[in-house]
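Notes follow once the structure below has been shown.
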Amino acid sequence: MLASNDIIACAVGATVGKSTLFTSEEPACFAGFLVRIRPNADTDPRFLSYWMQSKDYWAQIEQGVVKSTIENFSASRFRAMSAPYLALEEQRRIADFLDDRVSRIDRIIAARREQLEMVRHQFASLLESRLDALPERVRASRVLRVLPGYAFPSAEYSEDLRDIPLLRGVNVGVGTLRWDETVRWPRNQVSDVAHFRLSPGDVVLGMDRPWIGEGLRIAQVKASDGGPLLLQRVAKLIPSDRLNTHFMIRAFQSHAFRAQIESVLTGLSVPHLSGDQILEYRMPYGARVQQRAVAEELDEADAVATQSTQQLQRSIDLLTEYKSSLITATVTGELDMSTAASRLPG
């Protein structure tokens, strides 16, 4: 049975010399992944909770974690952790200070996130209204082709930076390609798979988990992407001369495409698009001049929305980092609460 002051965490105990901040209990949930932590009489549970959010706490976790298929931190390692030991009255003073400051920071972060969602919603509404106003709907197979990626054998991947990057699903984001996780194909074998070499302006779509929080994983290849090769689970969308490329991207970002696909993906643990499902999409359509006008308006609106979301996300990141640093400095005694500035960043 949990009490009001109990803390649930992936932890067992922490000590400072001979002074124990809290006692551990037997695992209180399925498989023992969580345990109940019960503060002792001379420990303020709020102070303990804040310490467990500090960089000091997480540095000790990261130093002692055991990595296999799942990261694990043993009970004995938790018991060996060291934490600040302060008189109960000082713990309460610190907790009161952080209750005030952290709640203010959290309110600002929540407001920034609401603004972020509002910007995204406004652009999505504009996109839907402009696409809905078009006079026709056509099956995608009439105006574009789909080239699924090739199953490059992983045993032949290269780590040589001079070789050709492979465009995998993990590299396809919403409106952009990312290369923080890159595998490559030997340059001397590219001629055998030249058909799958991508060029600037090509449009690619991630086929596994096609939607993430920000939207559909569809993007255009840039010159800076280095002419990657198209790997399986990613599709290249090839518009005919009847279809404006930027308009095609916007048409696939619509709610109608997601609704049509999700109606057949329900229940799958890992949603996956097929080439046939992409081609069956009944997409909005109009004359080339109409497509271009819609695409230009949406591209301009998207640029404004992207700038706003980037600014808001930077503010959220700054506030989150400030919150972490504030908690760490306060619970470890590095911050003088009596002279701490009240102004918050972001």
Side-chain angles (χ1 to χ4, degrees), residues 116-148 167 169 171-178 198-207 209-223 225 230 234-263 265 271 273-310:
L116 198 60
E117 288 306 309
M118 185 177 299
V119 170
R120 290 171 177 161
H121 176 73
Q122 287 174 340
F123 174 73
S125 296
L126 176 65
L127 182 145
E128 297 300 333
S129 66
R130 294 298 181 266
L131 294 177
D132 287 345
L134 289 167
E136 299 179 59
R137 293 291 183 274
V138 298
R139 192 176 294 275
S141 58
R142 290 180 54 191
V143 291
L144 64 91
R145 294 185 294 113
V146 173
L147 174 66
L167 183 67
N171 302 122
V172 183
V174 178
T176 188
L177 302 182
R178 45 184 287 267
L198 296 168
S199 302
D202 286 344
V203 177
V204 292
L205 174 63
M207 301 174 78
R209 299 189 187 280
W211 286 276
I212 57 177
E214 295 81 11
L216 180 68
R217 295 193 303 117
I218 188 171
Q220 269 191 292
V221 178
K222 300 177 182 177
D225 293 317
L230 188 69
V234 181
K236 174 182 173 182
L237 307 186
I238 307 168
S240 70
D241 56 7
R242 299 166 55 198
L243 190 62
N244 177 282
T245 299
H246 284 214
F247 175 80
M248 176 181 72
I249 293 172
R250 299 306 179 187
F252 276 97
Q253 289 175 330
S254 75
H255 175 73
F257 177 58
R258 183 166 188 169
Q260 179 173 321
I261 295 301
E262 288 188 341
S263 67
L265 295 184
L273 283 174
S274 68
D276 288 342
Q277 288 169 334
I278 294 171
L279 292 172
E280 288 171 1
Y281 171 42
R282 292 189 58 80
M283 60 188 295
Y285 186 70
R288 286 276 302 189
V289 64
Q290 293 174 303
Q291 295 177 32
R292 181 175 178 179
V294 169
E296 288 178 349
E297 180 183 2
L298 291 175
D299 284 352
E300 183 177 345
D302 194 10
V304 173
T306 297
Q307 183 178 24
S308 296
T309 57
Q310 288 174 344

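Sorted by first and then second residue, the ring pair (Phe, Tyr, Trp, His ring centres under 6.0 Å) pairs involving residues 273-296 (not counting sequence neighbours) are F252-Y281, F257-Y281.
Contact between T245 and G201 at its shortest, heavy atoms only, is CG2-O, 4.3 Å. Across every non-hydrogen atom of L230 and V204, the tightest pair is CD1-CG1, 4.1 Å. Scanning both residues, G206 and V172, for their nearest heavy atoms gives N-CG1, 3.9 Å.
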Exercise for the section: Would you check, one step at a time, whether the test side chain to side chain contact (heavy atoms under 4.5 Å, CB included) holds for L298 with H246? Expected result: CA-CA 9 Å; L298 291 175; H246 284 214; over 6 Å; no

Exercise for the section: Please assess V294 against R250 for the test side chain to side chain contact (heavy atoms under 4.5 Å, CB included), listing each intermediate value before the final yes or no. Expected result: CA-CA 9 Å; V294 169; R250 299 306 179 187; 5.7 Å; no

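Expressed to the nearest 0.5 Å, how far OG of S199 lies from CD of Q220 amounts to 12.0 Å.
Contact of the P284 side chain with the R137 side chain is registered, since non-hydrogen atoms from C-beta on lie closer than 4.5 Å. Side-chain contact between L177 and L167 is present, with at least one heavy-atom pair separated by less than 4.5 Å. Contact of the V138 side chain with the M283 side chain is registered, since non-hydrogen atoms from C-beta on lie closer than 4.5 Å. You'll find the side chain of I238 stays beyond 4.5 Å of the side chain of D202, heavy atoms only. Counting heavy atoms from C-beta outward, L237 and I218 have side chains that approach closer than 4.5 Å. Side-chain atoms of N244 and P239, non-hydrogen and from C-beta on, never get closer than 4.5 Å to each other. Residues Q122 and L126 fail the side-chain proximity criterion, which asks for heavy atoms closer than 4.5 Å.
A donor-acceptor pair is defined here as one N or O able to donate and one able to accept, closer than 3.5 Å; no such pair exists between the side chain of D132 and the backbone of S129. For Q260 (side chain) and E280 (main-chain N/O), a donor-acceptor pair under 3.5 Å exists by modelled atom type. The main-chain N or O of G286 is found under 3.5 Å from a side-chain atom of Q291 such that the two form a donor-acceptor pair. Side-chain N or O atoms of R217 include none that pairs as donor or acceptor with a backbone N or O of L205 at under 3.5 Å. Panel note: side chain Q277, backbone I261; no donor-acceptor pair is recorded below 3.5 Å.
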Please tabulate, for the side chains in residues 303-310, all donor-acceptor contacts under 3.5 angstrom to protein atoms that are two or more places apart in sequence or on a different chain.
from: T306; atom 1: OG1; to: D302; atom 2: O; distance (Å): 2.8
from: T306; atom 1: OG1; to: D302; atom 2: OD1; distance (Å): 3.4
from: S308; atom 1: OG; to: V304; atom 2: O; distance (Å): 3.2
from: T309; atom 1: OG1; to: A305; atom 2: O; distance (Å): 3.1
from: T309; atom 1: OG1; to: T306; atom 2: O; distance (Å): 2.9

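One finds no salt bridge joining R288 and D241 here, because no Lys/Arg side-chain nitrogen approaches an Asp/Glu carboxylate oxygen to under 4.0 Å.
Heavy atoms from other residues, nucleotides or ligands lying under 6.0 Å from CZ of R178 number more than 12. A 6.0 Å sphere centred on CZ of R242 holds more than 12 heavy atoms belonging to other residues, nucleotides or ligands.
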